[in-house]
Amino acid sequence: MALTLEDIDFGDVSPAHLIDVARTRGHVVFDLETSGLDCHHDRIEGIAFYVPEGKDNDALRAWYPFVPKTMQMFVQPDETPEEQAARLKHERTKSPDDYDAYMALKQVATLHDFRPAMPQAETMEALRPLFEDSPRTVVVAANAKFDIGFMRYASGCERGFWDWEKDLSVVDKLEAWWKLTDEKPADYKPWEGCILADSMLADFLCDENFHAYGLKRRVRELFDHEMTTYLDVAKRRKQGYFGFMADDVQALGHYAMEDVYWTWRLYENRMCRLDDLTPGEPITTGTDVVTALGKLSRLRPSHFDPSRAMGNLERLFWGIDMPLCVILEEMESTGVLIDHRWLRKVTAQLEEKKEKILDEIEQILGYTINPNSAPQVSTILFAPPPTGLGLSTKYVAQTGTGMFSTGSKEIGHLKRAHPVVEKILDWRSCDTVQGNFSIKLTHLASEAPDGRIHSGFNQTGTKIYRLSSSNPINMQNQPRDKNLIRKAFCAYLEGMPEDMLLFGCDYSQIELRVAAHLSGDLGMIEVYNMVGGCKAAGGEPCERFKLWVCEDCDHKWTPALFDVPNGSHKCPKCDSNEHTEHQKRCRHVDLHQRTAEDVGVPRNPLAKNANFGLLYRMASPRFCQYADLYDEKGEPRIDYADELIKGWFAAYPAIEPFHWKTEEALKKSGWVAYTIAGRQRRLSAERWKNEYRTITQAIQFQVSGSAQDILKIAMKRIFKEIKWHLQRASRAMRKLWAKVRFLIQVHDEVILEAPAVLKDEVMEIINRQMQGAAKLRVPLVADCKFGRSWDHVH
DNA sequence: GTGTCGCGCGCC
DNA sequence: AAATGGCGCGCGACAC
């Protein structure tokens with residue numbers, strides 16, 4: 001039986017009416033109920049709406065169920081604060097008067113009949129204008145990324161929502177909107193069919209200590225209201241608490257209605273909170289966070305005072321977080337193509353290596369062990385003979401459970417003491433790469449119908465506003481130096497047309513540049529502003545910092561680069577030909593990679609961690625561990641490390657004052673730290689645990705958090721420009737531009753894929769937007785490369 | 001068998 | 001007194 005919209009009695013909640021009211025009032029909440037979490041396989045079971053009340057206290061709710069067995073639907077109004085207060089009072093006193101008072105306030109549920117289910121495609125199609133043609137209406141979701149994914153792939157419509165390639169009508173409309181507003185192309189917002197908002201992201205901006213808590217928990221915390229969810233009911237029913245329970249679908253509708261209502265309450269509350277935290281004061285950060293957003297003041301929800309400028313946190317919300325949410329959804333649904341045939345080889349290779357190492361361990365010890373078992377390894381290494389090897393525990397930390405740690409950082413120095421140590425560490429590393437990455441990726445890729453892995457990027461996963469990645473895998477910790485795994489992340493497989501390429505672009509030392517910017521360290525600023533940078537290759541000293549001293553008149557000067565051949569210089573003062581050559585500390589950008597030769601220590605391990613660790617106040621013992629600074633007897637060279645650290649801080653004299661200033665600022669602000677763009681980290685609770693640590697966290701937050709701001713802005717700008725090209729291109733070219741996609745973000749690096757024919761344009765866009773994402777006191781440098789696999793692009 | 005925790009590893 | 005920070009995942013060990 002075919003059912004059309006006309007056959008259904010919606011009462012006052014027909015899609016057309018809903019859209020009408022939503023547009024008039026400016027806000028609407030929606031929430032999809034789905035059969036699962038995977039938008040590629042699961043379906044939408046229904047969609048719920050809540051339009052907040054207008055003048056007459058007449059909120060509008062609608063629940064459109066798409067489940068075939070749907071019979072009927074309750075519309076249960078949510079408990080008002082008065083109602084709740086009355087109920088709680090009655091529960092406390094049990095007095096009849098209080099009961100009457102409660103009943104007088106209690107709202108009654110209404111019942112709607114829908115049989116059979118509503119036609120999904122038609123309903124969604126009728127709702128489309130709300131999402132695609134309501135440029136002044138704020139459409140709120142509780143987790144927008146999730147809902148967008150389902151609307152893109154599981155709407156049931158021929159043309160999904162948020163689909164840039166097929167959705168040419170939206171593109172054309174934007175073209176018109178542009179002309180109207182006379183804006184520069186780079187500033188247009190391609191997703192402006194409606195104004196998308198996310199209560200969870202607003203909440204996160206208000207309080208980053210909120211992590212992955214759901215709506216339920218936040219409603220409890222903020223409103224002292226205990227929501228019941230559908231899952232909750234299903235679970236309780238399974239446990240046998242309910243002898244008889246209403247039909248699943250009824251429950252689903254009921255709780256969908258509750259969800260949208262509380263999503264609104266949360267959203268409204270959090271937007272006001274954002275406004276309270278940073279009330280309408282324009283900021284001048286030197287970044288473009290604000291500049292492109294002046295026009296967004298019209299997006300302010302109506303309950304705000306329109307005469308005031310938008311506050312800083314609210315700007316971040318509309319200008320970065322919401323756009324990023326759309327980008328992340330596209331990344332997730334695009335996924336990354338994985339070469340599992342290559343990975344099978346890697347797995348086998350690692351297996352062989354592991355077996356060999358295990359054999360060697362058995363030969364050394366005389367018995368075999370499981371290197372993955374921390375207690376076992378700890379006993380073998382540290383127990384006195386004959387049980388174990390009785391190695392020194394002098395520089396080995398103990399774990400929380402009192403056992404001696406066996407982490408690679410803790411026992412790394414013991415490889416001098418006994419050959420088995422290195423074997424164990426080696427085996428564990430191989431095992432991690434094999435199990436955690438190679439095997440896992442192989443499974444996922446060969447099971448995926450499209451051969452791609454769709455991992456999640458979580459916007460609320462960290463307290464410093466970095467992204468995190470998970471489910472099914474963490475894209476951000478794929479092994480780099482083994483050079484095996486990243487080869488499998490590719491643009492095409494063997495036998496496929498080689499028409500796509502991977503593009504990788506990473507910022508050069510962005511955290512140090514941010515540190516230079518924030519601290520104002522003149523030395524740092526100088527080297528980062530050097531055009532061309534360090535000319536030293538392969539470890540020889542950097543020419544830029546050669547210092548010549550005239551042996552006759554003691555004049556000191558630095559020889560110009562690319563000058564006359566070595567030795568033929570004359571002293572500029574006295575014309576003497578005799579000079580001695582000194583090496584000034586090379587303070588080039590890449591210094592931290594070269595600190596080794598700079599200060600004359602073995603290059604390798606020190607190079608990686610020096611700047612990073614010292615910026616965040618690493619102390620000498622730990623520095624020895626990381627840099628592998630030990631003497632012949634296996635003792636850490638603490639004094640030497642102290643010297644290096646002192647030298648480092650002398651080379652960058654503004655860093656320590658930067659640390660002090662951070663501390664002062666924390667005390668002044670009530671233990672709130674800020675990034676360049678004004679994101680906040682509230683550390684007052686942390687402070688009571690350990691003040692020193694808290695200050696360190698604040699330092700790191702300022703630096704890493706600001707770097708994140710910059711990369712997020714860059715992503716937004718790249719995305720915008722790509723969609724702008726999509727919009728302008730000829731029909732044939734649109735197909736190509738639509739295939740330019742973000743795939744991965746790793747804190748200072750982004751990976752995209754794009755058709756090979758667009759190589760030059762795409763490279764140019766990425767480079768330019770990355771470098772132009774912020775104006776610091778030092779230039780931003782980004783380097784875009786392309787290739788077949790992730791291994792090739794960095 | 002299932003769930004939680006600590007540990008150890010990968011990344012920035 | 002001494003002190004780098006931020007993530008996610010798989011395994012072993014242990015409790016139920």
Side-chain angles (χ1 to χ4, degrees), chain A residues 208 211-212 369-378 397-412 424-441 455-458 460-482 484-486 506-507 509-512 515 608-623 625-626 638 645 655 659 662 673 681 683 686 689-705 707-708 711 744-750 790 794:
Chain A
E208 78 291 342
H211 246 352
I369 58 164
N370 181 359
N372 257 346
S373 164
Q376 224 180 100
V377 173
S378 190
Q398 275 167 290
T399 67
T401 50
M403 139 189 119
F404 284 107
S405 173
T406 64
S408 61
K409 288 288 175 300
E410 296 298 334
I411 64 170
I424 289 173
L425 294 179
D426 226 18
W427 188 93
R428 277 205 299 231
S429 176
C430 286
D431 189 59
T432 301
V433 175
Q434 188 201 34
N436 213 342
F437 301 106
S438 193
I439 293 178
K440 180 115 198 252
L441 284 169
S455 259
F457 284 88
N458 189 352
T460 59
T462 77
K463 285 180 270 200
I464 58 170
Y465 298 95
R466 273 183 172 179
L467 300 182
S468 70
S469 167
S470 64
N471 187 21
I473 59 161
N474 178 358
M475 293 278 191
Q476 294 178 320
N477 72 343
Q478 298 303 313
R480 188 173 245 276
D481 48 35
K482 294 262 185 241
L484 297 169
I485 301 299
R486 290 196 182 195
D506 62 320
Y507 278 120
Q509 313 310 335
I510 188 163
E511 297 213 345
L512 281 179
K608 251 187 183 169
N609 296 305
N611 279 11
F612 196 62
L614 296 182
L615 178 59
Y616 300 135
R617 312 209 284 184
M618 191 178 357
S620 44
R622 192 133 271 206
F623 192 80
Q625 263 184 20
Y626 271 79
I638 303 278
I645 292 169
I655 296 297
H659 290 171
T662 302
R681 175 150 190 207
L683 287 160
E686 206 67 30
K689 288 187 233 159
N690 184 334
E691 197 164 304
Y692 180 90
R693 253 189 79 154
T694 305
I695 296 163
T696 308
Q697 285 170 338
I699 293 167
Q700 196 236 354
F701 171 66
Q702 292 182 78
V703 178
S704 298
Q708 277 310 286
L711 187 59
I744 294 170
Q745 189 257 32
V746 199
H747 310 311
D748 69 346
E749 161 184 28
V750 286
W790 194 357
H794 63 271

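Only a predicted model underlies this, so the values are computations on that prediction, with no experimental measurement involved. Proteins come first, then strands; the chains are lettered A, B, ... in the order of their sequence lines, and each starts at number 1.
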Check this one for me: any side-chain N or O of [X] less than 4.0 Å away from OP1 or OP2 of [N]?
X      : N      : answer
A:R617 : C:dA3  : no
A:S408 : B:dC9  : yes
A:S373 : C:dA13 : yes
A:S470 : C:dC7  : no

Rounded to whole Å, how long is the line connecting atom [atom1] of [X] with atom [atom2] of [N]?
X      : N      : atom1 : atom2 : value
A:N436 : C:dG12 : CG    : C1'   : 15 Å
A:Y507 : B:dC12 : OH    : P     : 17 Å
A:E686 : C:dG6  : CD    : P     : 7 Å
A:F437 : C:dC11 : CZ    : P     : 12 Å
A:E511 : C:dG6  : CD    : C1'   : 9 Å
A:W790 : B:dC11 : CH2   : P     : 10 Å
A:Q434 : B:dG10 : CD    : P     : 14 Å
A:I424 : B:dC7  : CD1   : P     : 18 Å

May I ask you to say what [X] touches in the nucleic acid, namely base, sugar-phosphate or nothing, with a heavy-atom cut-off under 4.0 Å?
X      : answer
A:T401 : sugar-phosphate
A:L425 : sugar-phosphate
A:D431 : nothing
A:E749 : nothing
A:G407 : sugar-phosphate

If I compare all heavy atoms of A:T662 with all of A:A698, which pair ends up nearest, and what's the gap?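 Minimum heavy-atom separation between A:T662 and A:A698: CG2-CB, 4.0 Å.
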From the set [options], return the single nucleotide nearest to any side-chain atom of [X].
X      : options               : value
A:P479 : B:dC7, B:dG10, B:dC12 : B:dG10
A:N372 : B:dG10, C:dG12, C:dG5 : C:dG12
A:R681 : B:dC12, C:dC9, C:dG6  : C:dG6
A:M618 : C:dA13, C:dA3, C:dT4  : C:dT4
A:A619 : B:dC9, C:dA3, C:dG5   : C:dA3
A:Q697 : C:dG6, B:dG10, B:dC9  : C:dG6
A:H747 : C:dG12, C:dG6, B:dC7  : C:dG6
A:T462 : C:dC7, C:dA13, C:dG5  : C:dC7
A:R466 : C:dG6, C:dC11, C:dT4  : C:dG6
A:K440 : C:dG10, C:dC7, B:dG8  : C:dG10

Residue of the set A:N690, A:L683, A:I464 for which side chain to side chain contact (heavy atoms under 4.5 Å, CB included) holds with A:Q697: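 Only one of A:N690, A:L683, A:I464 forms a side chain to side chain contact (heavy atoms under 4.5 Å, CB included) with A:Q697, namely A:L683.
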Counting distance only, does the side-chain N/O of A:T696 pair as donor-acceptor with the main-chain N or O of A:Y616 below 3.5 Å? no
Taking donor-acceptor contacts at under 3.5 Å, does the side chain of A:N474 reach the base of C:dG8? no
Stacking of A:Y692 on C:dA3 base (centres under 5.5 Å, planes under 30°): yes
Any heavy-atom pair between the side chains of A:T406 and A:I424 that's under 4.5 Å? no
Taking the side chain as every heavy atom from C-beta outward, state whether A:Q708 and A:Q745 have any pair of such atoms under 4.5 Å apart.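 Yes, their side chains come closer than 4.5 Å.
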Taking it one step at a time, do A:K463 and A:E686 satisfy salt bridge (Lys or Arg N to Asp or Glu O under 4.0 Å)? CA-CA 12 Å; A:K463 285 180 270 200; A:E686 206 67 30; 5.2 Å; no
Can you tell me if A:Q476 and A:S468 form a side-chain donor-acceptor pair at under 3.5 Å?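 Looking only at side-chain atoms, A:S468 and A:Q476 do not form any donor-acceptor pair under 3.5 Å.
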